[in-house]
Amino acid sequence: MQNIVIETQHLCKKFGQITALDDINIQIHQGEFVAIMGASGSGKTTLMNILTGLDTATAGNVILDGVDAAQLDEVGRQRFRAEKIGLVFQQFHLIPYLTALENVMLAQHYHSITDEQAAKAVLEQVGLAHRIHHRPNQLSGGEQQRVCIARALVNQPPVIFADEPTGNLDEKNEQLVLELLKDLNQQGRTIVMVTHNPELSQLTDRTIFLQHGKFLRETRNEI
Ligand SMILES: Nc1ncnc2c1ncn2[C@@H]1O[C@H](COP(=O)(O)OP(=O)(O)OP(=O)(O)O)[C@@H](O)[C@H]1O
Ligand SMILES: [Mg+2]
């Protein structure tokens, strides 16, 4: 078995009286493509937010690439996130007045004179070499999501987290984005993706189901 890249230990999250996550213990291995499914409100986004350091747990630990980010100071945590994690969201969160290239460059952690080349290279990788000077409103939804994937890739993180990355896309673009994620996975990246679509989840290695904030079950997918 490959190394464990992400591990949660007795992870709990409460929002006041609401228990959003209840004793979640999962392990994700290097190079795995894992889908997270569950009904609305089952805790998927809360889990993603804690795994990626956007939010903190009420109890329990998250260990990502051997590091418990809760033990780092703010500067260390930011650096850790920039190096280790790429994020893709359902709502693309692109800056509207910046071009595709500028949006990607904004996410770069290490600034150097090679910035622009590196940003161009990831845009090329997602098939957008011909669109780098377009602003988000000049791009289709699928193209915007590919800019987001390029942005997530630009620091070459080992893990990519995607929360319903195809939730705002039509079927054709959904397929394109999924194929792109699969390519990235085949190149060795670990990917964790929340999805509502059972067909998409079946194209991953493993699906983890949450229910009312609890781990319900998991399935290994035949691919
Ligand atoms: N900031 C918050 N404050 C209070 N309650 C919250 C907050 N964020 C989430 N919750 C609650 O925690 C539970 C889990 O929410 P979460 O957003 O993780 O669900 P989800 O599985 O991502 O749902 P969806 O499929 O609709 O995106 C829900 O009951 C939600 O109302
Ligand atoms: Mg959600």
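Because only heavy atoms are used, hydrogens play no part in the values below, and waters and symmetry mates are left out as well, while side chains stay in. Order of listing sets the numbers, starting from 1, for every ligand and every atom in it.
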Closest non-hydrogen protein atom to atom 13 (C) of ligand 1, residue and atom name please, with distance? G41 O, 3.7 Å
Run through the side-chain heavy atoms of Ile, Leu, Val, Met, Phe, Trp and Tyr, join any pair under 4.5 Å, and report what else lands in V75's cluster. none
May I ask whether K13 places a heavy atom under 4.0 Å from ligand 1? no
Whether A39 lies under 4.0 Å from ligand 1, heavy atom: yes
Exercise check, heavy-atom protein proximity under 4.0 Å to atom 23 (O) of ligand 1: yes
Protein N/O/S atoms under 2.8 Å from the Mg ion (ligand 2): how many? 1
Across all chains, not counting sequence neighbours, the ring pair (Phe, Tyr, Trp, His ring centres under 6.0 Å) partners of H93 are F89
Contacts under 3.5 angstrom, residues 15-22 side chains, donor-acceptor by atom type, not counting sequence neighbours:
residue	atom	partner	partner atom	Å
D22	OD2	K214	NZ	3.1

Taking only non-hydrogen atoms of G43 and a 4.0 Å limit, the atoms of ligand 1 in range are 14 (C), 18 (O), 19 (O), 20 (P), 21 (O)
Closest protein heavy atom to atom 21 (O) of ligand 1, given as residue, atom name and distance to 0.1 Å: K44 NZ, 2.8 Å
Among all protein non-hydrogen atoms, which one is nearest to atom 26 (O) of ligand 1, and what is the separation to 0.1 Å? S40 OG, 2.6 Å
State, yes or no, whether a side-chain contact exists between T166 and N197 at a heavy-atom distance under 4.5 Å. no
Under 4.5 Å between any side-chain heavy atoms of I149 and I160, yes or no? no
Would you call T195 and E164 a side-chain contact if the rule is heavy atoms closer than 4.5 Å? no
In the structure I gave you, are the side-chain heavy atoms of E116 and L101 within less than 4.5 Å of one another anywhere? yes
Relative to atom 18 (O) of ligand 1, which among D163, L21, T46 owns the nearest non-hydrogen atom? T46
So if I count the atoms of ligand 1 from 1 in the order they appear, which ones are less than 4.0 Å from some heavy atom of T45? 17 (O), 18 (O), 20 (P), 22 (O), 27 (O)
Give the minimum heavy-atom separation between P96 and R135, together with the two atoms involved. O-CD, 3.6 Å
Report, in ascending order of atom number, the atoms of ligand 1 lying under 4.0 Å from any heavy atom of H196. 25 (O)
Is it the case that the side chains of Q156 and R189 hold a donor-acceptor pair, with the cut-off being a distance below 3.5 Å and no angle test? yes
Do L54 and L87 have side chains that approach each other closer than 4.5 Å (heavy atoms only, starting at C-beta)? yes
Quick one: are T207 and Q202 in side-chain contact, heavy atoms under 4.5 Å? no
Is there a polar contact, in the sense of an N or O pair closer than 3.5 Å, between I18 and ligand 1? no
Could you tell me which atoms of ligand 1, counted from 1 in the order shown, lie closer than 4.0 angstrom to a heavy atom of A20? 12 (O), 13 (C)
Does a sphere of radius 6.0 Å around CD in Q187 hold more than 12 heavy atoms from other residues, nucleotides or ligands, not counting ones at 6.0 Å or beyond? yes
Nearest protein heavy atom with distance in Å, relative to atom 4 (C) of ligand 1: F15 CB, 3.3 Å
Is the count of non-hydrogen atoms from other residues, nucleotides or ligands lying under 6.0 Å from Q138 atom CD greater than 12? yes
With a 4.0 Å cut-off on heavy atoms, is S42 touching ligand 1? yes
Is atom 30 (C) of ligand 1 in close reach of the protein, with a heavy atom under 4.0 Å away? no
